[in-house]
Amino acid sequence: MAPKVAIVFYSMYGHVKVIAEAEQRGLKKAGIDADIFQISETLSEEVLSKLHAGPKSSYPTIDATSLEKYDAFLFGIPTRFGNFPAQWKTFWDTTGKQWSTGGFWGKYAGLFIGTATQGGGQESTALAAMSTLAHHGLIYVPLGYKTSLDIQSGLGEARGGSPWGAGTYTGLDGSRMPSTVELELAAIQGESFGQVLNKVSFS
Ligand SMILES: Cc1cc2nc3c(=O)[nH]c(=O)nc-3n(C[C@H](O)[C@H](O)[C@H](O)COP(=O)(O)O)c2cc1C
């Protein structure tokens, strides 16, 4: 049976959402139809407006119980001070039941990340997320280099993403949307994540 894959992102300004959609296209190339969800907002409209947040996308939000129905996850995370945002943490802080019952244990997870700047913390955000994945017994699937060595070794242009997962640089004012090569890397991650899943048997 084909694995059930959920792409779950948080996005305040829309960049990580676009990467999520590229990941979905990549998974499709591996023969997997993934569902996209967003993590619930925790900030008030007043605070969001002061932060110049964009409109929320129409993707449904997901709770921990519904997420248990999936076999594998790609999480999209915009960096906050080199770490994941409070919204992502708040989601995981609702997963005590899954932690105690092993609801996510042995399932597969990958990450993709947005930062404003180069060196703004894509890798440190992935590292910070490892503790959450480990405590839930999730099997982390990195992007690695095998399927994207040419892109990842290229020094011709600024580009988000690393062997920890695809990524995008938004620019300080958020005006830079994901570039062609960042979208390509995200699609490669989706496809290679799918290829890893296709080696596993799901009931
Ligand atoms: C409170 C706050 C902290 C941030 N911290 C960082 C940071 O440490 N490094 C960085 O490069 N960008 C940082 N950013 C920029 C975000 O990572 C960037 O806006 C985000 O990746 C955009 O993704 P989105 O459009 O999907 O929301 C920060 C943004 C906010 C609002």
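Residues take their numbers from the sequence shown, with the count starting at 1. Order of appearance sets the numbers: ligands from 1, and atoms from 1 within every ligand.
The structure places CG of D93 at 12.5 Å from CH2 of W99, a figure rounded to the nearest 0.5 Å.
Ring geometry for F75 versus F73: interplanar angle under 30°, hence parallel rather than tilted (30 to 60°). Relative ring orientation between W164 and Y140 is described as parallel, the plane-to-plane angle staying below 30° on a 0-90° scale split at 30° and 60°.
Counting heavy atoms of neighbouring residues, nucleotides and ligands inside a 6.0 Å radius, atom NZ of K28 does not exceed 12 of them.
Closer than 4.0 angstrom to ligand 1 sit non-hydrogen atoms from S11, M12, Y13, G14, H15, V16, P78, T79, R80, F81, G82, G114, T115, A116, T117, G120, T170.
Of the charged side-chain nitrogens involved, at least one lies within less than 4.0 Å of a carboxylate oxygen, so that E182 and R176 count as a salt-bridged pair.
Using a 4.5 Å heavy-atom cutoff, the side chains of I39 and W88 are in contact.
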